[in-house]
Amino acid sequence: MKIALKSVLALAVAIAIMLMVRAYAFTLYSVESPSLDSEIKKGDKVIVNRLLRSHLKKGETIVFFRKANYIGVIEGLPGDTVDVNGKNYILPERCPCNPHCVARNEYMLVKTADGLVMVHKDDVVGKAYKIWR
């Protein structure tokens with residue numbers, strides 16, 4: 001009886017640790033959107049590092065949340081000049097609506113299968129890595 005209880009307790013602890021790691025550190029996703037200009041395509045399995053949500057760089061693949069999870073490639077960061085439909089825009093580093101604002105702009109331009117979208121850093125789930133097809 002003691003062996004069975006120890007086994008059940010060990011299994012419960014292992015499941016709890018796995019759920020915590022999956023909730024706070026790493027998550028697995030299947031890409032449901034059409035092909036992107038990166039190495040990740042529809043049907044691929046990706047692991048998302050939830051710990052890497054800041055200090056992202058141009059060209060990195062991320063998963064972000066907008067009523068559902070989306071995958072995209074960072075095309076521009078604050079301060080970058082981007083070309084959208086033949087017009088050049090500068091992604092502001094500071095809030096453009098208030099001249100006294102000193103807060104950093106935390107939006108980035110992300111290319112998805114549906115086009116370009118602005119994503120706030122708080123909407124980023126994490127950095128995505130392809131693991132298998």
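Atom set for the values below is all heavy atoms of this structure, side chains included, hydrogens, waters and symmetry mates excluded. Along the sequence shown, the residues carry numbers beginning at 1.
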**OP:** Could you tell me whether Leu19 atom CG has more than 12 heavy atoms of other residues or ligands within 6.0 Å of it?
**Re:**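 Counting other residues, nucleotides and ligands, CG of Leu19 exceeds 12 neighbours.
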Original post:
Would you say Ile90 has more than 12 foreign heavy atoms packed within less than 6.0 Å of its CD1?
Top reply: no
Subject >> Inter-residue atom distance Tyr89.OH - Asp80.CG, 0.5 Å rounding >> reply: 16.0 Å
Original post:
CZ/Phe26 to CG/Leu51 distance, rounded to the nearest 0.5 angstrom?
Top reply: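 These two atoms lie 6.0 Å from each other.
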Please enumerate all residues that pass side chain to side chain contact (heavy atoms under 4.5 Å, CB included) together with [X], with sequence neighbours excluded.
{"X": "Leu116", "answer": "Glu75, Val84, Leu109, Lys111"}
{"X": "Ser30", "answer": "Glu32, Lys45"}
{"X": "Asn88", "answer": "Thr81, Asp83"}

Between [X] and [Y], is there a shared hydrophobic cluster once you connect ILVMFWY residues whose side-chain heavy atoms come closer than 4.5 Å?
{"X": "Ile15", "Y": "Val8", "value": "no"}
{"X": "Ile17", "Y": "Leu11", "value": "no"}
{"X": "Ile74", "Y": "Tyr107", "value": "no"}
{"X": "Ile47", "Y": "Leu52", "value": "yes"}
{"X": "Val117", "Y": "Ile71", "value": "no"}

Of all heavy-atom pairs between [X] and [Y], which one has the smallest distance, and what is that distance?
{"X": "Val119", "Y": "Asp123", "value": "CG1-CB, 4.1 Å"}
{"X": "Leu91", "Y": "Gly76", "value": "CD1-C, 3.5 Å"}
{"X": "Thr112", "Y": "Gly72", "value": "CG2-CA, 4.3 Å"}

Subject >> Pairs satisfying salt bridge (Lys or Arg N to Asp or Glu O under 4.0 Å), at least one member in residues 49-63, at least two apart >> reply: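 Qualifying pairs: Glu60-Lys127.
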Original post:
Name the one of Thr61, Val63, Val124 that satisfies side chain to side chain contact (heavy atoms under 4.5 Å, CB included) with Val48?
Top reply: Val63
**OP:** Could you list the residues that satisfy side-chain hydrogen bond (donor to acceptor under 3.5 Å, both in side chains) with Asn69, not counting sequence neighbours?
**Re:**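 Listed in chain order: Tyr29.
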Original post:
If you look only at pairs with a residue in residues 45-66, which of them pass as a ring-ring contact (aromatic ring centres under 6.0 Å, His included), with sequence neighbours excluded?
Top reply: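 Pairs touching residues 45-66 that pass the test: Phe64-Tyr70.
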